[in-house]
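Per chain, numbering begins at 1; letters A, B, ... match sequence-line order. Scope of the values below: all heavy atoms of this structure, side chains included, with no hydrogens, waters or symmetry mates.
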Number of protein chains: 2
Amino acid sequence: MNIGKAAKLSNLTVKTVRYYADIGLVKPLKNCSTGYRDFSDDDLAQLQFVAKARKFNFSIQECEELLSLYSDKNRSSKEVKALTLDKISEIDAKLIELKDLRRQLSFLANNCKGNDRPECPILDALADV
Amino acid sequence: MNIGKAAKLSNLTVKTVRYYADIGLVKPLKNCSTGYRDFSDDDLAQLQFVAKARKFNFSIQECEELLSLYSDKNRSSKEVKALTLDKISEIDAKLIELKDLRRQLSFLANNCKGNDRPECPILDALADV
DNA sequence: ATAAACTCTCCAGTTAGTGGAGTGTAAAGG
DNA sequence: CCTTTACACTCCACTAACTGGAGAGTTTAT
């Protein structure tokens with residue numbers, strides 16, 4: 001199938017699919033005469049896999065690893081689980097950071113009157129070394 | 001003062017300070033003969049302000065806005081508060097997204113035995129359109 | 001035959017820096 | 001005074017993961 005159809009069926013943009021092909025994440029055949037990429041059903045499955053993995057916050061590189069595990073019939077599920085647990089840890093770290101940030105910003109915002117006067121504890125806090 | 005001292009006192013790297021000068025976030029004087037940047041105390045204060053605002057997740061562009069509010073003695077605190085509340089909303093959205101992601105990944109990881117066998121519900125989920 | 005829709009490649013831009021090459025300047029030690 | 005070391009400079013390339021657009025060729029529908 002052409003790139004447009006592959007993109008539609010994987011919920012990716014044509015640009016993104018082309019990008020994935022450029023970096024070798026999928027390897028569609030190319031029609032020599034027209035230069036059009038030709039995506040097989042397997043290529044499509046890979047695109048769909050990657051689209052889903054990206055939604056789960058896996059990086060492109062991690063998507064490659066997952067893809068190769070996916071196609072490796074001798075894989076052990078613990079490898080996949082390890083990647084997933086790492087990702088969860090990453091998310092946990094980010095959550096902690098963001099929660100702390102939110103707490104601090106809320107504190108500042110709560111102390112700021114938010115009126116037409118110039119006095120502002122938020123700016124004061126930013127200026128305070 | 002030279003860039004090295006300014007960097008140290010603002011907890012930024014020399015590279016970063018140079019970058020901030022390049023994009024006009026600070027405007028140190030330049031020694032014509034040597035080409036060395038010369039940071040005043042005010043320049044340093046700006047760097048410290050930006051360093052702190054960046055830690056609070058404000059983008060460079062938002063830092064510029066905050067800086068201009070900071071130096072505007074006719075500002076109204078509600079402008080600053082609005083920026084801060086926007087930032088908090090942004091963080092909230094991100095928190096929701098990450099929490100949901102974490103929930104889904106945990107669910108998958110919990111269902112994966114993580115042994116030497118190839119069967120893996122995580123990969124199954126990624127492959128499932 | 002022509003117009004619309006689709007595809008291609010190539011280049012540039014996005015964020016907020018970071019790394020390195022090659023070169024010039026300043027301060028300290030001998 | 002000379003040399004080493006530390007610091008400074010510019011310029012270019014690179015990061016992640018695309019996105020936008022130009023200019024050109026192809027396919028499909030009217």
Side-chain angles (χ1 to χ4, degrees), chain A residues 1-40 43-44 46-47 49-67 86-87 90-91 94 97 101, chain B residues 1-40 43-44 46-67 87 90-91 94 97 101:
Chain A
M1 70 193 77
N2 279 349
I3 196 168
K5 189 171 178 194
K8 183 158 290 178
L9 293 176
S10 55
N11 284 309
L12 295 169
T13 68
V14 168
K15 277 275 186 188
T16 298
V17 174
R18 207 171 275 136
Y19 171 71
Y20 287 170
D22 284 348
I23 63 173
L25 203 49
V26 278
K27 298 178 177 31
L29 293 175
K30 268 198 151 188
N31 182 321
C32 299
S33 58
T34 65
Y36 281 23
R37 294 175 183 81
D38 182 14
F39 293 80
S40 68
D43 292 328
L44 175 60
Q46 293 221 80
L47 286 175
F49 184 99
V50 170
K52 203 146 191 188
R54 291 285 301 128
K55 278 198 191 158
F56 279 113
N57 257 29
F58 287 104
S59 69
I60 295 282
Q61 197 178 344
E62 287 163 336
C63 287
E64 284 183 52
E65 293 175 50
L66 288 169
L67 268 182
D86 279 356
K87 187 56 57 183
E90 223 175 81
I91 291 173
K94 195 79 192 166
E97 191 194 323
L101 217 50
Chain B
M1 71 193 78
N2 280 348
I3 197 169
K5 190 171 176 192
K8 183 158 290 176
L9 293 176
S10 55
N11 284 311
L12 296 168
T13 67
V14 167
K15 277 277 187 188
T16 299
V17 173
R18 207 172 273 136
Y19 172 70
Y20 286 171
D22 284 349
I23 63 174
L25 202 50
V26 278
K27 298 179 177 34
L29 292 176
K30 267 200 154 188
N31 182 321
C32 299
S33 59
T34 65
Y36 280 24
R37 293 175 183 82
D38 183 13
F39 294 81
S40 68
D43 291 329
L44 174 61
Q46 294 220 81
L47 286 175
Q48 290 167 332
F49 183 99
V50 170
K52 203 144 191 189
R54 290 287 300 128
K55 277 198 192 157
F56 279 114
N57 258 27
F58 287 104
S59 70
I60 293 282
Q61 197 176 345
E62 289 163 336
C63 287
E64 283 184 53
E65 294 176 50
L66 288 170
L67 267 183
K87 187 56 55 182
E90 222 176 82
I91 291 173
K94 195 78 192 167
E97 191 195 324
L101 217 50

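- Note on Thr16(B): a side-chain N or O is less than 4.0 Å away from OP1 or OP2 of dT18(C).
- In this structure, Phe58(B) places its CZ atom 17 Å from P of dT15(C), rounding to the nearest Å.
- Each of Asn31(B) and Tyr36(A) was assigned the nucleotide of DNA chain C with the nearest heavy atom; the assignment lying further toward the 5' end belongs to Tyr36(A).
- Counting any heavy atom pair closer than 4.0 Å across all strands shown, Arg18(A) reaches a base atom.
- We find that CD1 of Ile3(A) is positioned 15 Å from C1' of dG25(D), with the value rounded to whole Å.
- Using a cutoff of 4.0 Å between basic side-chain nitrogens and carboxylate oxygens, Lys15(B) and Asp22(B) are not scored as salt-bridged.
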*asked:* Assess the residue pair Ile60(B) and Arg54(B) against the criterion (side chain to side chain contact (heavy atoms under 4.5 Å, CB included)); give the C-alpha distance rounded to whole Å, side-chain angles, the decisive distance to 0.1 Å, and a yes or no.
replied: CA-CA 7 Å; Ile60(B) 293 282; Arg54(B) 290 287 300 128; 4.0 Å; yes
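- Between Asp38(B) and Pro28(B), the closest side-chain pair of non-hydrogen atoms is not below 4.5 Å.
- Atom CG of Asp38(A) is separated from atom P of dT7(C) by 12 Å (rounded to the nearest Å).
- For dC7(D), the OP1/OP2 oxygens have no side-chain nitrogen or oxygen of Lys15(B) closer than 4.0 Å.
- With contacts defined as side-chain heavy-atom distances shorter than 4.5 Å, the pair Phe39(A)/Leu44(A) does not qualify.
- The phosphate of dT18(C) has OP1 or OP2 within less than 4.0 Å of a side-chain N or O from Thr13(B).
- The CZ-P distance, from Arg54(B) to dT18(C), rounds to 10 Å in whole Å.
- Looking at which nucleotide of DNA chain D each of Ile60(A) and Val14(B) is closest to, the 5′-most match is held by Val14(B).
- To the nearest angstrom, C1' of dA17(D) lies 13 Å from CD of Glu64(A).
- Contact annotation: Tyr20(B) side-chain N/O to dG17(C) OP1/OP2 distance is under 4.0 Å.
- Rounded to whole Å, atom C1' of dC8(C) lies 11 Å from atom CG of Asn2(A).
- Judged purely by atom type and a 3.5 angstrom limit, Lys87(B) has no side-chain atom pairing as donor or acceptor with the backbone of Phe58(B).
- When each of Gln61(B) and Ser33(B) is assigned the nucleotide of DNA chain C bearing its nearest heavy atom, the one mapping closer to the 5' terminus is Gln61(B).
- A straight line from OH of Tyr19(A) to P of dC10(C) spans 17 Å, rounded to a whole angstrom.
- For Arg37(B) and dC9(D), the shortest distance from a side-chain N or O to OP1 or OP2 is below 4.0 Å.
- Distance, Lys8(A) NZ to dC6(C) P: 7 Å, rounded to whole Å.
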